[in-house]
Amino acid sequence: MAPTHGTSDGTIRWGILGTGFIAGLQTSDLLDNGFAVQAVGSRSLESSTAFSQQYGVATAHGSYEDLVADPEVDVVYVATPHPFHHAHALLALNAGKHVLVEKPFTMNAAEAQEIVALAEAKGLVALEAMWTRFLPHMVRIREILAAGTLGEVRKVVASHNQNLPKDPAHRLNDPALGGGALLDLGIYPISFAFDVLGTPATILASSSPTATGVDRQTAAIFQYGNGQQAYVDCELDAAGANRAVVIGTDGWIDIESIWYNAVPFTVFDSEGNVLERFDQPVTSRGMQYQAAEVERLIAAGATSGTVLPPAETVAVMAAMDQIRSQIGLRYAADALAGGALHE
Ligand SMILES: NC(=O)C1=CN([C@@H]2O[C@H](COP(=O)(O)OP(=O)(O)OC[C@H]3O[C@@H](n4cnc5c(N)ncnc54)[C@H](OP(=O)(O)O)[C@@H]3O)[C@@H](O)[C@H]2O)C=CC1
Ligand SMILES: O=C1CO[C@H](CO)[C@@H](O)[C@@H]1O
């Protein structure tokens, strides 16, 4: 039985853990779409106060511990760099709060499993903030695939290439902050491949490093038991078209750039005739849809939904563990997880 949360009128109150780039975007999307953002927590009271003033959030806490202990917070959005997701999610769950945890959910599958198990034991929601899954174009794509419009789906091809900051101390380049293309960018095409095709039977990966020792660009081929394949790739320091394609025996879906944002897509038959063009603008960036899923699960007293079940979050992390094992990319968290990665 899930713990009771929310005010007497059913309002679910959000607490924002961290005050960086994505914390601001998620908070804007929540507030612009009628969600209740109650509090923000930072390692520094100065930062949380500035954040609370910028967004009009009622309470500013000077520590993450104070945020998760706030009785007026029902769900905590974890928006710290990757290596801290595990500890911060556990902190919030142990304080009895539901969590929405930024992608990648954790550094590896062992950490992910620990969060999922604790949330399940406590009857709390722990959702990975893979916001793309919840966007309207992805909802429609799942409907089209389920209807069999593409015939037998044979292939997913998806890229995520960005030209990101070169500063070696930036979180994307720093191994101590979980830097590298795979965990930050590659997770989008990988999660999409899982969404369309499920868990692969085998993975073949290749990569090139940055000077700081994380992966600059990584590519992988997922092979499925029935012959299906996914080609996924990511890159930290060269921008690209960032399109995604799903190919079937009777047609294909072409998702426009940047495919993991709320963008249009077109469905073609195998002759190249247009069967459907989807172009539904969303308000804000679209991060409110994942928040709506959290609130829906809480209201239903459920800990697991069908769009991104916790087991799939763990499976995605396990696939990235496997890729990292093949390309020799290790982080400090792997040793703590009991040497889950074998080179
Ligand atoms: N869904 C999406 O589109 C995006 C998701 N992300 C994800 O969000 C997470 C955060 O990324 P982003 O917002 O870009 O990062 P930022 O560096 O902008 O912000 C991270 C915040 O985490 C807190 N923090 C806690 N410990 C540390 C530490 N040791 N070093 C630095 N910051 C720390 C800080 O908040 P404080 O000082 O207040 O404690 C900081 O402001 C990543 O895991 C990333 O994958 C990022 C960008 C886009
Ligand atoms: O999720 C993300 C989306 O793209 C950003 C770059 O523009 C990434 O850095 C980020 O982590």
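Only heavy atoms go into these numbers, but all of them, side chains included; no hydrogens, no water, no symmetry mates. Counting starts at 1 for both ligands and their atoms, in listed order. Numbering of residues begins at 1 and proceeds along the displayed sequence. Since the structure is predicted, the reported quantities are computational estimates derived from the model, not experimental observations.
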Taking only heavy atoms of Tyr188, which atoms of ligand 1 are found under 4.0 Å from at least one of them?
1 (N), 2 (C), 3 (O)
Check Glu276 with Arg140, please: is the shortest side-chain N to carboxylate O separation under 4.0 Å?
yes
Could you tell me whether Tyr55 and Phe51 have their ring centroids closer than 6.0 angstrom?
yes
Can you list the ligand 1 atoms lying under 4.0 Å from a non-hydrogen atom of Asp184?
44 (C), 45 (O)
Answer yes or no: is there a donor N or O on one side and an acceptor on the other, between the side chain of Asn33 and the main chain of Asp29, under 3.5 Å?
yes
Consider ring-ring contact (aromatic ring centres under 6.0 Å, His included). Of Tyr231, Phe222, Trp259, Tyr260, which one does Phe192 pass it with?
Trp259
With heavy atoms only and a cut-off of under 4.0 Å, state how Leu185 meets ligand 2: side chain, backbone, both or neither.
side chain
Atom 4 (O) of ligand 2: closest protein heavy atom, distance to 0.1 Å, is Tyr260 OH, 3.2 Å
Distance from atom 1 (O) of ligand 2 to nearest protein heavy atom, with residue and atom
Tyr188 OH, 2.6 Å
Determine, considering heavy atoms only, which of Leu185, Leu164, Thr80 sits nearest to atom 10 (C) of ligand 1.
Thr80
So which of Ala129, Pro81, Gly18, Pro83 gets nearest to atom 22 (O) of ligand 1, if we judge by its closest heavy atom?
Pro81
Could you tell me whether the side chain of Tyr77 reaches within less than 4.5 Å of the side chain of Glu102, counting heavy atoms only?
yes
Test Ser159 against Asp233 for side-chain hydrogen bond (donor to acceptor under 3.5 Å, both in side chains), laying out the working first.
CA-CA 5 Å; Ser159 292; Asp233 72 276; 2.6 Å; yes
In terms of residue, atom name and distance, what is the protein heavy atom nearest to atom 9 (O) of ligand 2?
Asp184 OD2, 2.8 Å
Starting from atom 37 (O) of ligand 1, what is the nearest protein heavy atom, named by residue and atom, and what distance separates them?
Arg43 NH2, 3.0 Å
Near-ring test Phe278/His137, centroid separation under 6.0 angstrom
no
Please check if the distance between the ring centroids of Tyr64 and His88 is under 6.0 Å.
yes
Please list, in number order, the atoms of ligand 2 under 4.0 Å from a heavy atom of Lys103.
1 (O), 2 (C), 10 (C), 11 (O)
Heavy-atom nearest neighbour of atom 6 (C) of ligand 2 within options Leu25, Thr132, Leu164, Asn163:
Leu164
Nearest to atom 7 (O) of ligand 2, what protein heavy atom do you find, and at what distance?
Gln162 OE1, 3.5 Å
Of His98, Gln26, Lys97, Glu295, the one forming a side chain to side chain contact (heavy atoms under 4.5 Å, CB included) with Trp14 is Glu295
Heavy atoms only: which of Lys103, Glu102, Met130, Arg171 lies closest to atom 45 (O) of ligand 1?
Lys103
Does the side chain of Thr249 pick up a donor-acceptor pair with the side chain of Glu152 at under 3.5 Å?
no
Should one rank Met287, His88, His82, Arg285 by closest heavy-atom distance to atom 42 (C) of ligand 1, which comes out on top?
His82
Select one of side chain, backbone, both or neither to describe which atoms of Arg171 lie under 4.0 Å from any atom of ligand 2, heavy atoms only.
side chain
